[in-house]
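Structure first, commentary second.
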Amino acid sequence: MKAYWAWVVLLLVLVVSVGVTEGKRGKGRGKKGRKNMSNRGSITKFKSEDSRAYYNHNGGAKITIWSHFESEYVLGRKIVFMCKAEGEPRPVITWFKDGIELYAHSFFQVHEWKEGKVSIKSKMEIDPATQMDAGYYECQADNKYAVDVKGFSADYSIEFV
């Protein structure tokens, strides 16, 4: 009886370890070598106090709400990413995929809402999603004082009915 339970425990350990390995393997697909971009564009050394004041301006564009970093979508369904930014003057939001700016077309739409005097919300939708839509997406908010970028990785799954 002990041998039976030893085999059950060994089998469970193998199943769990294979599941963990498989889960980690798929997370990097579609990123094209990109790493965490959260500190992209950060300036730590300034030539003068005037340049420090300019780049650390309170009105600089700042993304305040954004979609999850890792996203998995089902082929044929809709992908939705959200991005909200604040700044004065109000920032402009631009969407990128794998470093290339995205433009609206029949399967890709961007909806924007201005909120108050300093805020803007942008929703990017792809419908229907295909394998080609897997990749690394970025929401970029910019105004004359700052640029802020948040990235999202999207990979697909196949839904079996």
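Owing to the predicted nature of the structure, the values given are computational and were not obtained by experimental measurement.
Between Tyr145 and Gly60, the closest heavy-atom pair is CB-CA, 3.7 Å. Residues Gly59 and Asn143 come closest through the heavy atom pair O-ND2, 2.7 Å. Nearest heavy atoms, Gln140 versus Phe96: OE1-CE1, 3.6 Å. The shortest heavy-atom contact between Glu86 and Ser119 is CG-OG, 3.6 Å. For the pair Lys97 and Met132, the tightest heavy-atom approach, listed with the atom from each and the gap, is NZ-O, 3.1 Å. The heavy-atom pair separating Arg90 from Gly116 by the smallest distance is NH1-O, 3.0 Å.
Using a 4.5 Å heavy-atom cutoff, the side chains of Lys123 and Trp113 are in contact. Looking at Trp66 and Asp148, their side chains never come closer than 4.5 Å, going by heavy atoms from C-beta outward. At a threshold of 4.5 Å between non-hydrogen side-chain atoms, the residues Met82 and Ile65 do not count as touching. By the 4.5 Å heavy-atom criterion applied to side chains, Cys139 and Trp95 are counted as neighbours. Residues Phe152 and Ser67 have side chains in contact (heavy-atom distance under 4.5 Å, counting atoms from C-beta outward). The side-chain heavy atoms of Phe108 and Asp133, taken from C-beta on, include no pair separated by under 4.5 Å. The shortest distance between side-chain heavy atoms of Lys144 and Pro89 falls below 4.5 Å.
Residue Arg77 holds its CZ atom at 16.0 Å from CD1 of Ile126, rounded to the nearest 0.5 Å. A distance of 9.0 Å separates CD in Glu115 from CD1 in Ile120, rounded to the nearest 0.5 Å. Rounding to the nearest 0.5 angstrom, the gap separating the OG atom in Ser153 from the CD atom in Glu72 is 10.0 Å. In this structure, Tyr136 OH and Ile100 CD1 are separated by 15.0 Å, a value rounded to the nearest 0.5 Å.
Ile93 and Ile63 fall within a single hydrophobic cluster, where Ile, Leu, Val, Met, Phe, Trp and Tyr side chains are chained together by heavy-atom contacts under 4.5 Å. Residues Tyr137 and Leu75 share a single hydrophobic cluster, defined by chaining ILVMFWY side chains whose heavy atoms lie under 4.5 Å apart. In terms of hydrophobic clustering, with Ile, Leu, Val, Met, Phe, Trp and Tyr side chains grouped at heavy-atom distances under 4.5 Å, Ile79 and Val110 are assigned to a common cluster. Leu102 and Phe81 fall within the same hydrophobic cluster, defined by Ile, Leu, Val, Met, Phe, Trp and Tyr side-chain heavy atoms under 4.5 Å apart, directly or through other members.
Ring geometry for Tyr156 against Tyr73 counts as tilted: the plane angle lies between 30° and 60°, on a 0 to 90° scale.
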